[in-house]
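In what follows, chains carry the letters A, B, and so on, assigned in the order in which the sequence lines appear, proteins first and then strands, with residues in each chain numbered from 1.
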Amino acid sequence: MEADVGELGARQMAGFKDFYQYASTTRVIAGRDLLGSAGFEFQKEGARRVFVVTDRVIRGTGLVERVEAGIADGGLELAGVFDDVPQDSSTEVVERCAAEAKAAGADSFLAVGGGSVMDTAKVADVVFTHGGSAAEQEGFFLLPRADDGQGRPLDLAPLACVPTTAGTGSEVSMGAVIKDHEAQVKLEIADFPLFPRLAILDPESTRTLPPGVAAATGMDAVTHAIESYVSLDWTPYQDARALQGLRLIRDYLERAVEDGPEDEEARGNMLIAASLAISISLGSTHAMSHPCGAHYGVPHGVANAINLPHVIRFNAEGGPDIADRYRDLNEVLGVESGGSDAQVGDALATYVGDLVAGLGLPTRLSEVGVPEDGIPTLADAAMGDGLTLLNPREPSEEHYAELFRRAL
Amino acid sequence: MLPAHPRSEGRSELPYFNDEDEVYSFLGRLFEDLAEDDELGPKFRKANTIVQYRYRNPDSQITVKLIEDEDGRVDLGDTEMEPEVVMSMEADTAHKFWLGKVNVTVALARGQIKAKGPVAKILKLVPLVKPVFPRYRTMLEQAGRQDLLEAA
């Protein structure tokens with residue numbers, strides 16, 4: 001498969017590009033025993049009547065009660081709790097959450113949960129603040145702005161996040177993904193106001209995380225670090241975050257899964273790794289994994305874990321400038337970084353594949369319910385995913401079909 | 001006081017196109033040619049959507065029906081078609097796009113192109129447009145509009 005640089009803006013993987021954009025506006029606090037000061041910290045962001053968004057599993061662990069106590073301890077009021085977020089949240093759930101927050105007289109949101117919970121809270125915040133339906137929010141940099149739409153983005157109600165998984169990074173990102181069950185697509189929404197005002201990273205919040213979920217969400221963080229580093233939309237700022245995130249993942253992911261909640265150092269550092277690795281500038285692995293979730297319910301981290309090695313091999317053969325970026329990652333991970341472009345890609349892909357298997361995760365899409373006759377639909381959907389445009393090597397629909405076959 | 005339609009790129013030069021008729025003469029004609037193209041037309045119509053391009057400076061609008069197994073249709077200006085996807089941008093940005101001089105992801109990130117609706121249906125067409133760039137260039141050359149080629 002021949003590399004295609006593309007005419008819509010030449011691929012440039014090094015040097016000084018024509019345009020960079022980087023923002024990271026979330027205040028992060030990380031450490032131990034922080035849940036009790038959730039209110040004290042959130043009031044600094046303007047919250048007064050807090051609406052908590054979570055799911056029933058998390059609520060059942062008692063974690064939400066501890067956060068509620070922290071809200072009260074900080075002198076804030078609890079407006080209500082919405083605990084009806086499913087694993088793959090939807091437009092319907094988002095709209096119900098926003099309506100309940102409005103009815104409760106809330107002025108702010110606090111999400112306690114994983115990616116689905118945090119993304120629900122983000123999009124609910126948009127609907128709560130600006131009105132409209134959840135589906136109408138789809139798109140990139142489209143939230144309401146001052147000055148005839150050309151000025152500063154209008155603020156949303158304050159949002160704080162307490163992530164209970166270490167992977168999604170949604171607690172510090174300006175992106176959200178919500179499923180539209182009717183259309184069988186995942187809606188991608190990204191804009192600056194979606195950066196949460198506050199992220200609280202406390203390993204205590206991942207205490208009840210089962211090892212399998214810790215592994216899958218950890219692989220989501222791995223994928224963010226690797227894909228953001230080789231994205232066409234790379235920046236030196238994100239490079240620094242991705243590389244340091246990957247170092248922490250290298251040192252702590254397996255410990256966090258194998259040793260479980262007793263290893264606070266590992267779980268805490270994985271929370272930080274996930275918040276470093278996240279970016280909305282990713283690539284074809286995510287473009288493939290989104291439809292796997294939308295059509296076959298494959299958990300996002302699992303889909304990424306399976307698809308990532310195949311995309312690495314595909315990209316590494318796209319030219320030395322792409323392969324050189326993988327060489328950097330291999331050096332961080334202690335993987336062979338010499339040899340041909342294909343060899344460096346294969347070395348990294350093999351490392352990732354071994355990591356996935358070692359963590360006990362599925363390694364084939366066929367193991368998680370994806371049928372062979374679903375490939376044309378998946379390939380078509382991957383082509384329409386916005387992240388395809390950010391992949392360093394331009395894939396065709398036929399390329400995607402072949403990658404899905406390899407991953408099957 | 002802000003102008004009615006501020007320039008998204010902060011430039012002070014005059015727009016490339018003098019009026020909406022010029023937009024329709026070049027960008028509009030390009031869409032009409034594509035709709036009638038035996039090879040590219042069916043590929044674009046796989047998008048199964050109606051997309052409307054709303055241009056500023058000069059204000060103009062092109063609505064394109066891309067429905068599989070149906071004839072293509074391009075409305076210049078007012079239309080009775082209901083768009084599913086709306087792409088808004090300066091007419092200058094559209095001109096540069098069809099010359100192959102716009103990085104779509106950067107334009108989206110900078111707000112130079114705003115896409116509303118199920119954008120995936122349009123994004124999957126982006127790899128298909130490359131063969132169109134030389135066609136647009138040839139159209140301008142044949143019309144004697146070297147000025148438009150050189151300005152972008």
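- The local environment of CZ in A:F192 is crowded, with over 12 non-hydrogen atoms from other residues, nucleotides or ligands closer than 6.0 Å.
- With chain A as partner, the option from B:A109, B:G117, B:A115, B:P118 having the largest number of non-hydrogen pairs under 4.5 angstrom is B:A109.
- The CE atom of A:M383 lies 7.0 Å from the CG atom of B:L128; values are rounded to the nearest 0.5 Å.
- Contacts of A:D380 with chain B are made by both backbone and side-chain atoms, with heavy-atom separations under 4.5 Å.
- Other residues, nucleotides and ligands contribute over 12 non-hydrogen atoms within 6.0 Å of the CG atom of B:D147.
- In this structure, A:L232 CG and B:N103 CG are separated by 7.5 Å, a value rounded to the nearest 0.5 Å.
- Only the side chain of A:F19 has a heavy atom closer than 4.5 Å to any heavy atom of chain B.
- Heavy-atom contacts from other residues, nucleotides or ligands closer than 6.0 Å to CG of B:D78 number 12 or fewer.
- Heavy atoms of other residues, nucleotides or ligands lying less than 6.0 angstrom from CD of B:E39 number 12 at most.
- In this structure, A:Q137 and B:K116 approach most closely via the heavy-atom pair CA-NZ, 4.4 Å.
- Ion pairing between a basic and an acidic side chain is recognised when a charged N comes within 4.0 Å of a carboxylate O; A:E397 and B:K46 show no such pairing.
- Every residue two or more places apart in sequence or in another chain that forms a side-chain hydrogen bond (donor to acceptor under 3.5 Å, both in side chains) with A:S281 is listed here: A:D233.
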